[in-house]
Protein chains: 2
Amino acid sequence: MSAQEERAPRKDARINRDRILETARELIEKEPDISLNAIAKAAGVGPGTLYRHFPNREALVLALYQHEIDNLVGLASSLLLRNPPLEAMRLWMERLAKYGRMKRGVANLLHAAITNDIHNSSYSQMVGAIEALLGAVHADASITGADLLLLLGFLWRLPPGPDGKARGERLLAFTLDGLASQA
Amino acid sequence: MSAQEERAPRKDARINRDRILETARELIEKEPDISLNAIAKAAGVGPGTLYRHFPNREALVLALYQHEIDNLVGLASSLLLRNPPLEAMRLWMERLAKYGRMKRGVANLLHAAITNDIHNSSYSQMVGAIEALLGAVHADASITGADLLLLLGFLWRLPPGPDGKARGERLLAFTLDGLASQA
DNA sequence: TGGTCAAGCGGAGAACTCTCCGCATAAGTA
DNA sequence: TACTTATGCGGAGAGTTCTCCGCTTGACCA
């Protein structure tokens, strides 16, 4: 039972958090490898404050891209409304691939979300979206949503450039064929 | 043309390299996250020396496991001699999975070899082994050896424990089904 | 409005990775 | 053997990640 009452955060804490995020967005855009200390300084807070809000670089980047993850998650259900299941799956994966290619940030953050902290909410959202797609394709899949997300990890480890794109497309086609043949 | 004569390394350099490797093998066994400085100190060399021989942690771990990579590469051809292609492929992948599970080192190092340095010899050896297996399964595969190695990356990103093992087995079966249905 | 106290802050500092460069020395040369 | 030189060595130190803890302050209550 014991529903632990999470007291709302203090206002200054919220302000600091927002300032850090805003500053980080600008600085990381310019220079992806900028140090967290430098971000803290630019945001006008101490390093301790930054690290309290975001325990490591990945957590910070994750927060930066939370919005885009939300989009991706929402996309799954809307694709399912308008398309046959396999087609929805294909379209969704292509969008995922696009994120993986464009923003290496999304890439690493998803990997981090997957590996570091299994109770991470972004991770469960993503798994949920995939489960929905997978369930539409066939009710009793041999692999789970989490399995598939892990498998799709290749999308954010592709080398940059047209070569990487081609490899991503081949592997995606391979994966979809596998899913289709199970249906 | 210009075949640049690589002069043989100095004897003391070779000795130091070996001492570092030997020390690293012992220390990393006990404590995987031990600092490179600590390894250098234990090996009786300065940090600079360690970093000259191995530019970063991954390069060092890669050197430690070079022997096991050689084994894996050799295994591919001997499996092909004794088994039908698909079975050889299956057995080889299972061995790969075992390495991935047992030694997280092999894991990360392979990832590093794949992503960082495309001209890395361990990487090309592995791709070669996979090409051989793939070629035996079907002459005109839609995916390349490098593609498949990238796909198999899930093997060294599995969570530890029985849960991870089960997931690995499911994904491996999925992958093999896909390869088989292309044959 | 003043008092209480937990939430939150900042920065000193520990530990680490990796680089740079002056010095030592192994390996060729005469 | 004595000389030369470029290969390799070591460690100081710059830059980074992340932690710890004493101090500050916002939020709630009387």
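What you see is a predicted model; the values in this text were computed from it and never measured. Residue numbering restarts at 1 for every chain, and letters A, B, ... go by the order of the sequence lines.
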| field | Nearest-Å distance for atom pair NZ/P, residues B/Lys41 and D/dA12 | value | 11 Å

| Whole angstrom value for the distance that separates P of D/dC9 from CG of B/Asp18 | 12 Å

| said: Between A/Lys98 and A/Glu94, does any NZ, NE, NH1 or NH2 come within less than 4.0 Å of an OD or OE carboxylate oxygen? | reply: no

| query | Could you state the NZ-C1' distance from A/Lys11 to D/dC28, rounded to the nearest angstrom? | reply | 14 Å

| said: How would you summarise protein contacts on nucleotides 4-17 of chain C per nucleotide, using B for base, S for sugar-phosphate only and - for none, with heavy-atom distances below 4.0 Å? | reply: ---BSBBB----SB

| task | For the pair B/Arg167 (side chain) and A/Ala146 (backbone), establish whether a donor and an acceptor sit closer than 3.5 Å, ignoring hydrogens and angles. | result | yes

| query | Taking B/Arg14 as the fixed residue, which of B/Asn16, B/Asp18, B/Asp12 is the one that meets the side-chain hydrogen bond (donor to acceptor under 3.5 Å, both in side chains) rule? | reply | B/Asp18

| When you measure from the side chain of A/Trp92 to the backbone N and O of A/Ile130, does any donor-acceptor pair fall under 3.5 Å? | no

| task | Spell out, as yes or no, whether a donor-acceptor pair under 3.5 Å connects the side chain of B/Thr175 to the backbone of B/Leu171. | result | yes

